[in-house]
Chemist: 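Handing you a structure now.
Remember, predicted model here, so these are calculated numbers, not experimental data. Only heavy atoms go into these numbers, but all of them, side chains included; no hydrogens, no water, no symmetry mates.
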Amino acid sequence: MHWIEKVVEELENYIATTKNKTKQDTIIINGGLSVSGLQHIGRLRGEIIISETVRKLLERKGYRVRQYLVLYTQDAWKGKESQVMSFGDEREGRKYAGWPLIKVPDPKKCHANWVEHYWEDFGGYLDKFTDGKIEVVTTTELYKTKLKDIVKEAINKKEKLRITINKYRGRNPYPEEWIPFEPICDKCGRIDKAKAIKYYPETEEVEYICENCGHRGKTSIANGKLNWRIEWASIWKALNIDFEPFGKDHATPGGSRDSCVDLSINVFETKPPMGLAYEWVSLRVNGKEFDMGSSDFLGITPKDWYQVAHPEVLRYLYLKEHPRRKVVIDMTLIPSYYEEFYRAESLYYDAMKTHGNLESLPENEYEIAKTYELSMLEPIPSEKPLQPSYLTIALAVQLVPTDNLAENVVKRLKSSRIIPQELRPFDKKRITDIAWRAKNWVEKYASPQIRFTLLQQLSEELKAKLMYRDLLLRLGEELLKLGENWSEESIKDVMIKVTQGLKDDEKKAFYKEFYIIIIGKEFGPRAAPLIEILGQDFVKKRFIEDLS
């Protein structure tokens with residue numbers, strides 16, 4: 001059984017026994033994000049992809065499910081150095097410290113506010129990484145609607161709330177006169193400094209004093225927020241949430257989520273959702289790993305990923321790992337991620353062809369094939385798709401004109417006998433979708449070894465310097481003998497055969513000259529895929545005619 005199927009089984013039991021819901025009730029799944037800066041792909045893992053997969057599996061079992069994503073737009077903008085510098089002018093940025101995120105201007109002046117600007121490259125791509133059935137709501141909206149009554153409930157239960165929450169506040173407990181609401185100051189705009197001092201139930205307003213600018217005023221309970229712990233528990237109640245993944249930072253025993261469970265049960269008198277803790281996603285750049293961070297502007301966005309790889313490949317990488325395991329993304333390894341995805345795809349089709357189902361597979365193979373199935377966003381074709389090498393296409397895009405790139409790549413792959421002359425529609429679509437992405441990948445993330453420019457001709461001076469000219473000529477002759485057997489593997493076998501008599505240092509010198517006569521430098525992409533995509537006509541011209 002796949003780990004996420006076990007989660008769904010546990011959730012079914014929780015829904016029935018703790019939440020007292022049946023298939024006639026609507027099950028609510030939720031995730032939450034604070035748009036404090038760059039919205040990176042790590043945030044897709046638990047709040048989006050795991051949640052959506054749980055929803056789909058419940059729907060297959062006959063449940064009615066709604067999936068929310070709550071954006072915490074009333075949170076205070078902290079004014080961290082990385083946030084401030086996004087404005088370019090430090091003095092300009094500093095003045096927005098403490099403002100609600102939704103009120104902070106867009107530093108690039110192309111959107112209505114900070115939230116809309118940094119949400120675009122994440123929210124604008126949600127339907128490309130999911131089935132699009134996620135309802136996005138903001139806390140700014142909720143405080144005017146579903147949270148309003150719960151704010152009143154929190155204020156009415158303030159003493160019970162204070163006693164409960166103070167168990168988790170250590171040396172900084174709330175005093176007896178505390179009112180559990182954080183208003184926005186009408187004068188300076190801060191939400192983190194105005195202290196509520198009196199509540200007026202008849203007008204649903206609070207009176208406050210701002211510790212930043214000294215202003216004293218009144219404002220609606222829709223114009224502010226609850227303390228974040230209370231807010232979290234309040235959202236559970238307002239939306240009647242049944243399942244919600246959360247980051248590992250909230251999973252400490254006696255920590256933030258436990259405090260919210262306590263508030264939910266003992267103050268708001270409601271059953272909390274079943275939770276699922278998940279590890280963060282790290283990014284590896286130049287061999288160094290770091291956790292992606294929104295307000296620190298560390299990471300890559302869903303838009304960044306979409307521009308170089310299919311969403312299904314990232315879904316696969318997330319769903320194959322138990323949520324408690326760390327996922328490390330290295331954008332230079334996109335070709336390897338495709339190879340892993342293809343292996344899972346092959347396992348899936350082999351199982352369906354042999355058994356007609358996945359359940360007959362050994363457990364480890366079942367998990368891989370099931371992950372592939374769960375990662376797919378479009379209906380899975382009845383026939384196994386072509387699996388074009390991402391690396392080969394990345395080499396091809398450097399050889400063909402960029403006008404009509406996809407068509408030129410297809411022609412090159414056909415002429416090099418890498419793909420069949422006749423393509424099914426879904427095969428051509430896969431190649432087309434990889435082609436433009438591979439071009440972006442080469443430009444943005446590929447190592448210098450992958451990038452190359454074809455040497456147009458060999459000078460007499462260069463040919464005179466070649467120590468292994470005869471062996472390179474022989475390599476060309478042996479490669480041309482492959483004929484219809486032209487493939488990466490057969491090319492690799494020929495290269496091993498031709499160089500088997502060389503010592504290690506001689507092989508290094510041979511391959512330096514191999515790359516020099518092709519791309520004009522001593523290193524390049526892996527030799528066999530490069531020769532495969534260059535094709536027999538090139539081999540005949542460069543290795544036979546030019547070297548004879």
Chemist: My understanding is that only residues two or more places apart in sequence, or in another chain, count here; which of them pass side-chain hydrogen bond (donor to acceptor under 3.5 Å, both in side chains) with Lys128?
Modeler: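 Lys128 satisfies side-chain hydrogen bond (donor to acceptor under 3.5 Å, both in side chains) with no other residue.
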Chemist: Can a donor-acceptor pair be found, under 3.5 Å and without considering hydrogens, that links the side chain of Gln398 to the backbone of Ala394?
Modeler: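 Checking the backbone N and O of Ala394 against the side chain of Gln398, a donor-acceptor pair under 3.5 Å is found.
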Chemist: Using a distance-only test with no angle check, is there a side-chain donor-acceptor pair under 3.5 angstrom linking Lys444 and Gln307?
Modeler: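 Yes, side-chain donor-acceptor contact under 3.5 Å.
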Chemist: For the backbone of Asp149 and the side chain of Glu153, can you confirm whether one donor and one acceptor N or O come within less than 3.5 Å of each other?
Modeler: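 It does not hold such a pair.
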Chemist: Check whether any side-chain N or O of Arg284 sits under 3.5 Å from a backbone N or O of Met331 as a donor-acceptor pair, and report yes or no.
Modeler: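 Answer holds: no.
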Chemist: Does the distance from a Lys or Arg side-chain N to an Asp or Glu carboxylate O, for Asp106 and Lys108, drop under 4.0 Å?
Modeler: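 Looking at Asp106 and Lys108, the cut-off is not met.
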Chemist: Are Tyr372 and Phe341 an aromatic pair by the rule of ring centers under 6.0 Å?
Modeler: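 Yes, the ring centres sit under 6.0 Å apart.
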Chemist: Below 4.0 angstrom, N of the basic side chain to O of the carboxylate: do Glu92 and Lys95 qualify?
Modeler: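 Between Lys95 and Glu92 there is a salt bridge, with a charged N closer than 4.0 Å to a carboxylate O.
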Chemist: Taking Arg451 for the side chain and Val442 for the main chain, is one N or O donor matched with an acceptor at less than 3.5 Å?
Modeler: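 At least one qualifying donor-acceptor pair exists.
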Chemist: Look at Arg45 together with Glu279 and state whether they make a salt bridge at an N to O cut-off of under 4.0 Å.
Modeler: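 Looking at Arg45 and Glu279, the cut-off is not met.
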Chemist: What class does the angle between the rings of Trp114 and Phe87 fall in, given that below 30° is parallel, 30 to 60° is tilted and above 60° is perpendicular?
Modeler: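 Parallel: the ring planes of Trp114 and Phe87 meet at under 30°.
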Chemist: Cut-off 3.5 Å, side chains only: do Asp291 and Ser282 have a donor facing an acceptor?
Modeler: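 Looking only at side-chain atoms, Ser282 and Asp291 do form a donor-acceptor pair, the distance falling under 3.5 Å.
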Chemist: Contact between Glu52 and Arg315 at the side-chain level, heavy atoms closer than 4.5 Å - yes or no?
Modeler: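 A side-chain contact exists here, since the closest heavy-atom pair is under 4.5 Å.
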Chemist: Salt-bridged, Lys439 to Glu443, with N to O below 4.0 Å?
Modeler: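 Result for this pair is yes, salt bridge flagged.
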Chemist: Does the ring center of Phe129 lie less than 6.0 Å from the ring center of Tyr318?
Modeler: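 No; Tyr318 has its ring centre 6.0 Å or more from that of Phe129.
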Chemist: Any salt bridge between Glu373 and Arg60, counting N to O under 4.0 Å?
Modeler: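 The answer is yes: the pair qualifies as a salt bridge.
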Chemist: Does a donor on one side chain sit under 3.5 Å from an acceptor on the other, for Tyr14 and Glu9?
Modeler: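 Absent: no donor and acceptor within the cut-off.
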Chemist: Ignoring hydrogens and angles, state whether a donor on the side chain of Thr332 or Ser447 is under 3.5 Å from an acceptor on the partner side chain.
Modeler: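 Side chains of Thr332 and Ser447: no pair found under 3.5 Å.
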Chemist: When you measure from the side chain of Tyr337 to the backbone N and O of Asp330, does any donor-acceptor pair fall under 3.5 Å?
Modeler: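 Answer holds: yes.
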Chemist: Kindly indicate whether the side chain of Leu319, heavy atoms from C-beta on, has any atom under 4.5 Å from the side chain of Lys370.
Modeler: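 They are not in side-chain contact.
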Chemist: Evaluate whether atom NZ of Lys195 has more than 12 neighbouring non-hydrogen atoms of other residues, nucleotides or ligands under 6.0 angstrom away.
Modeler: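 No, the 6.0 Å shell around NZ holds no more than 12 heavy atoms from other groups.
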Chemist: So, Glu345 and Arg430, do they make that salt bridge, N to O below 4.0 Å?
Modeler: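 Salt bridge flag = yes for Arg430 with Glu345.
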Chemist: Report, as yes or no, whether the 6.0 Å neighbourhood of atom NZ on Lys144 holds more than 12 heavy atoms from other residues, nucleotides or ligands.
Modeler: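 Count not over threshold, so no.
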Chemist: Are Tyr96 and Arg94 close enough that a side-chain donor and a side-chain acceptor fall under 3.5 Å?
Modeler: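 Looking only at side-chain atoms, Arg94 and Tyr96 do not form any donor-acceptor pair under 3.5 Å.
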Chemist: For Glu10, does the CD atom have more than 12 heavy-atom neighbours from other residues, nucleotides or ligands under 6.0 Å away?
Modeler: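 Atom CD in Glu10 is not packed in, count stays at 12 or less.
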Chemist: Out of curiosity, Asn172 CG to Asn166 CG, how far, rounded to the nearest 0.5 Å?
Modeler: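 CG of Asn166 is found 8.5 Å from CG of Asn172.
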Chemist: Is it true that the side chains of Lys271 and Thr18 contain a donor and an acceptor less than 3.5 Å apart?
Modeler: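 Lys271 vs Thr18: no donor-acceptor pair found between side chains.
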Chemist: Considering only heavy atoms from C-beta outward, does the side chain of Ile28 approach that of Thr26 to under 4.5 Å?
Modeler: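 With C-beta onward as the side chain, the pair touches.
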Chemist: Answer with yes or no whether the side chains of Gln74 and Thr139 bring together a donor and an acceptor at under 3.5 Å.
Modeler: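 Their side chains do not contain a donor-acceptor pair, so the 3.5 Å distance test is not met.
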Chemist: Do any N or O atoms from the side chain of Asp296 and from the backbone of Leu298 form a donor-acceptor pair under 3.5 angstrom?
Modeler: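 Flag not set: sc Asp296 to bb Leu298 has no pair under 3.5 Å.
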Chemist: State whether the number of non-hydrogen atoms from other residues, nucleotides or ligands found under 6.0 Å of Lys193 atom NZ is greater than 12.
Modeler: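 Count not over threshold, so no.
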Chemist: Using the six-membered ring of Tyr278, assess whether NZ or CZ of Arg324 lies under 6.0 Å from its centre and within 45 degrees of the ring axis.
Modeler: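 No, Arg324 does not sit over the ring of Tyr278.
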Chemist: Under 3.5 Å, is there a donor-acceptor pair between the side chain of Lys237 and the main chain of Thr270?
Modeler: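 Flag not set: sc Lys237 to bb Thr270 has no pair under 3.5 Å.
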Chemist: Is the NZ or CZ atom of Arg55 both under 6.0 Å from the centre of the six-membered ring of Phe243 and within 45° of that ring's axis?
Modeler: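 Judged by the rule (NZ or CZ under 6.0 Å from the ring centre, within 45° of its axis), Arg55 is not positioned above Phe243.
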Chemist: Would you confirm whether the ring centroid of Trp119 sits within less than 6.0 angstrom of the ring centroid of His111?
Modeler: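 Judged by ring-centre distance (under 6.0 Å), His111 and Trp119 do not meet the cut-off.
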Chemist: So is Lys248 actually on top of Trp280's ring, under 6.0 Å and inside 45° of the axis?
Modeler: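 So Lys248 does make the cation-pi contact.
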Chemist: Is there a donor-acceptor pair under 3.5 Å between the side chain of Thr301 and the backbone N or O of Gln39?
Modeler: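 A pair under 3.5 Å: no.
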Chemist: Does Glu47 use its side chain to pair, donor to acceptor, with the backbone of Gly32 at less than 3.5 Å?
Modeler: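 Side chain of Glu47 to backbone of Gly32: a pair is present.
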Chemist: With no hydrogens and no angle check, do the side chains of Tyr168 and Asp258 hold a donor and an acceptor under 3.5 Å apart?
Modeler: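 Asp258 and Tyr168 do not have a side-chain donor-acceptor pair below 3.5 Å.
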Chemist: Between Glu367 and Lys320, is there a salt bridge with N-O shorter than 4.0 Å?
Modeler: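 No salt bridge links Lys320 with Glu367.
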Chemist: Can Lys23 be said to sit on top of Tyr63's aromatic six-ring, NZ or CZ under 6.0 Å from centre and within 45° of the ring axis?
Modeler: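 So Lys23 does make the cation-pi contact.
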Chemist: So, does Thr53 use its side chain to make a donor-acceptor pair with the main chain of Leu374 at under 3.5 Å?
Modeler: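 No: the side chain of Thr53 does not pair with the backbone of Leu374.
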Chemist: Just checking, any donor-acceptor pair under 3.5 angstrom between side chains of Lys167 and Ser259?
Modeler: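 The answer is no; no qualifying pair exists.
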Chemist: Evaluate Glu244 against Trp236 for side chain to side chain donor-acceptor pair (under 3.5 Å), listing each step before the verdict.
Modeler: CA-CA 9 Å; Glu244 184 181 71; Trp236 290 349; 2.8 Å; yes
